[in-house]
Amino acid sequence: MSEGALPKAYEFKEVESHWYKYWEEQGYFRADENSKKPPFSIVIPPPNVTGQLHMGHALNDTLQDILCRYKRLKGFEVLWVPGTDHAGIATQNVVERELAKQGLSRHEIGREAFLQKVWEWREKYGGLIINQLKRLGSSCDWSRERFTMDEGLSRSVRQVFVSLYNEGLLYRGKRMINWCPRCVTALANIEVEAEELDSSLYQIRYPLVSGKGALIVATTRPETMLGDTAVAVHPDDERYKAFVGQEVILPILGRHIPVIADPYVERGFGTGALKVTPAHDFNDFELSRKHNLEIIQVIDEHGVMTSEAGPYAGLDRYACRKRILKDLEKGGFLVKVEPHKNRVGHCYRCQSVVEPMLSLQWFVSTKPLAQPAMEAVRLNRTRIIPSKWEKDYFIWMENVEDWCISRQIWWGHRIPAWYCKNCGEVVVATEAPTECPKCGGKVLEQDQDVLDTWFSSGLWPFSTLGWPDDTPELRKFYPTSVLVTAFDILFFWVARMMMMGIHFMKAVPFRQVYVHALVRDASGQKMSKSKGNVIDPLLMMDKYGTDALRFALTAFAAQGRDIKLSEDRIEGYRHFVNKIWNAARLLLMNLEGFTRIGDIPEKPGNLAHRWILSRLQRVIEQTSQSLDEHYYNEYAQALYQFVWHEYCDWYLEMLKPDFYGEDERAGNLARSVAAMVMEKILILLHPVMPFITEELWQKLPQTQGSIMKAAFPEYTPARIDPDAEARMEKLMDVVNAIRNIRGEMNVSPAVRVEVTCLCKDQQDVELLSKQSRTIEDLGRVSHVTAALAGQSEKPKFAAGAVAGNVEVFVILKDILDFDSEAKRLEKELAKLEKEFGNTRRKLSNYEFLDKAPPEVIEKEREKSERLGEKKDKLSRRLKLMESLRDSSV
RNA sequence: AGGCACGUAGCUCAGUGGGAGAGCGCUACCCUGACACGGUAGAAGCCGGCGGUUCAAAACCGCCCGUGCCUACCA
């Protein structure tokens, strides 16, 4: 191998870190807010600071990076804002676990010291995921990295809170909310995950006070009976009409509670009698308001029974359930137990069973904010892609309930509300008040709670750009161009950003929302650590290279479908990366000593060049179109096909004689065109494979600077060359026919064969004569003869095939076995007969001729004719072979 | 229960009214001066089932079966 040539295989390790560092140092990721170029902006869905890069991130950030790099090449001023989310509950949990290892709790060390610990923790590990994003090649503007807890964003949060409060869109109230007894905090409804469980339905007897009989209620949560304050039946239920207005005795506790009638009760379920526990069930709470029932809380914020639970006080809710069941049974109150499936709410952070609880919390009135957010999508100010998600968006927005935003944890934005110790006045302000505006009292205490993390991430598209200040960044880059996200946070996050963005900026936060798939494992399961089915993107990058991983994810990112990823496929695309590397290697071996290559004529005389230039135009069109419309898989596939099966398999193979031959002019032209096409390929591939494309770009003699500064090729329809494409197709057909025969007849690749091509017209004779070298090289042919069909005899000792209207004969003088050739022809004919029959049937169908569009009929006619000719030729051939076989026996 | 997807080659998936496709895997032959992470050829599919619309259906409509997801106040 000559000096300076590339190694045989692509070694990605050093290449990746080297170029990433270079790009960063050169400031290529930095956006200029004063640029005159058209803006293109994306805010990253901020990963949790506690997080590790998983495949979901890898896909999400690859797609964003593709768009950013593509738009930069297209001449846009691109801003990709990166950052992380403080993930209140999740992060607090992590740090609490750390403390627990030292036998400490956050309450023992106190709020301030605990927050100190969290910041220390974030200092230590918060950069982890950022570095992993860099590893992936993400071209974020790191100079603008933000964190939801940093000062600027905290200021936005306070500003929004105060504004919404003053507008009456934010309030404090005592409501039923979802409560996680493990995290010891309120949750928003959306943060509760319903999960189907195999439970039991218990029937319990509640005797009438009158002593005349009893009501039997059905419940899945017997422990809540301690807080029952009524039994409800349907008003029209004949079975129970007489009971309404009477009282029953609550077993164990002996409390007397009324029997009420309400149409909410489902007569067909259980016994048709419903125990009512207003303090621990959403619907029971509603009933209690309607019927003025007492509310008795029997479970506390830790999931432990309160003193109201009498003998069960202090027991955990599940321990209590067991004890109560035992006691009920002992007392003869337990009538029946049957298995029952029900859906139970779990905390999305810790998976504990959530407890409905009456509690004083802060809420956002979402409905008034949801209206404009729906309107914006309806008017296409924001386009959701694929559009099927719009429906879900509307349904969610229409049914949105007030959003509980206060959390009883420490890590997060402290609620900017103060309570006057003197008069109880509530003061909501961006800065701590020094005195009570009502009574002048000097002692004010800030609310202990913090805000839901999604409250701050809901401001992300404008808080990161400097809001509430009027910054050049906001003016240049808001609204952002597109938000790329998975559907699982469509409501958590996207919906909130829409509401907040429109309300505070008077403009949508993004013009497009591209909703991509979830990455699942090869069997379609959601990847999760507990299932142990995660494919670690970092491991994949180590093993196969970042470009291969990115390409695999992109190739599988078909709209509207989840991605089932397996390692095989990542490995497969590493082979593609290697293929590109070797194509460049071939080129560079031939470009040695060249610092400049020649100019390229608009239409070079050589067919191979004309063809590849035409094909290049098509792939340029295809890639830009696919990227513009978010068809990432098509983008990847188009390039894969073009690079491997057109550029490498045919074009480069056809150029080899020029590269190695004596003809200097042909050699130079080949070098020029091949290198130019390679440059374009690298640019087209750069968005998805940033590393290898930069590495090769730097090695090509004619390129300057970084590929990041190159221009994306412009699609020029005038450069499409249908004539060259048609000729090339014919040539490929002929070569394929030869290869097919060789393969079928088991002719060793080492044996060169002679070929005769009989053509219908002079043009084809010329084409094939001119391209004889290609036919000889690619078909492993010693000599090819092309002639007009009538003027030359059909060789007898040859295997025949038909390529278009060219009859191809592979001369196999001594080795042709007439019998096996006859068999091969029979097989081929059988296929043809079937296809030909189909076309004939269509063409003899009167209705088809009558009703189908003329161009379809014409196409069918042509096809039929072509197949018919081919069939005739082959069957004549078959007859000849048969007669030769029979006479030679 | 309702809603939404999906069911195409052994596997993973494109295709969406007019000739069944790709990648991986498999079989055979080949280290042919970029690449064995390679080359060439090949085998392989009643496009889930049944009806309907149409000259024409893998694609459109209906029903059924199977799978997945989301939503809901039958406790």
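Any value given below was found using the heavy atoms of this structure, including those in side chains, with hydrogens, waters and symmetry copies removed. Note on naming: letters A, B, ... go to the chains in the order of the sequence lines (proteins, then strands), and numbering restarts at 1 for each one.
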Original post:
Between A:Asp281, A:Thr229, A:Thr224, which is the residue that forms a side chain to side chain donor-acceptor pair (under 3.5 Å) with A:Lys275?
Top reply: A:Thr224
Does [X] make a side-chain N or O approach to OP1 or OP2 of [N] shorter than 4.0 Å?
X        : N     : answer
A:Asn399 : B:A72 : no
A:Lys388 : B:A5  : no
A:Lys290 : B:C73 : no
A:Asn740 : B:G42 : yes
A:Lys8   : B:A36 : yes

Between [X] and [Y], what is the ring plane arrangement, given parallel below 30°, perpendicular above 60°, and tilted in between?
X        : Y        : value
A:Tyr573 : A:Tyr640 : perpendicular
A:Phe491 : A:Trp396 : parallel
A:Trp389 : A:Phe487 : parallel
A:Tyr10  : A:Trp581 : tilted

Subject >> Which residues share a side-chain hydrogen bond (donor to acceptor under 3.5 Å, both in side chains) with A:His346, sequence neighbours left out >> reply: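 Partners of A:His346 under the side-chain hydrogen bond (donor to acceptor under 3.5 Å, both in side chains) test: none.
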Might you list the N or O atoms of the protein lying below 3.5 Å from N or O atoms in nucleotides 53-61 of chain B, with each pair's distance?
residue: B:C55; atom: OP1; partner: A:Lys851; partner atom: NZ; Å: 2.7
residue: B:C55; atom: O2'; partner: A:Asn845; partner atom: ND2; Å: 3.2

Original post:
What residues, two or more places apart in sequence or in another chain, satisfy salt bridge (charged side-chain N to carboxylate O under 4.0 Å, His left out) together with A:Glu847?
Top reply: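 Once residues adjacent in sequence are excluded, the partners of A:Glu847 under the salt bridge (charged side-chain N to carboxylate O under 4.0 Å, His left out) criterion are A:Lys851.
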Subject >> Residue pairs, two or more places apart or on separate chains, that pass ring pair (Phe, Tyr, Trp, His ring centres under 6.0 Å) and touch residues 834-856 of chain A >> reply: none
Original post:
Which part of the nucleic acid does A:Val217 contact within heavy-atom distance under 4.0 Å: base, sugar-phosphate only, or nothing?
Top reply: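 The answer is nothing, as A:Val217 stays clear of every strand by at least 4.0 Å.
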**OP:** For this output row, return yes or no: ring centroids of A:His630 and A:Tyr632 closer than 6.0 angstrom.
**Re:** yes
Original post:
Would you call A:Asp262 and A:Val276 a side-chain contact if the rule is heavy atoms closer than 4.5 Å?
Top reply: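 Side-chain contact under 4.5 Å: no.
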Output a table of nitrogen or oxygen pairs between the protein and nucleotides 22-31 of chain B separated by less than 3.5 Å.
residue: B:G23; atom: OP1; partner: A:His645; partner atom: NE2; Å: 3.3

Subject >> Identified stems (criterion: three or more consecutive Watson-Crick or G-U pairs, under 3.5 Å), RNA chain B >> reply: B:1-7 with B:65-71, B:10-13 with B:21-24, B:26-30 with B:38-42, B:48-52 with B:60-64
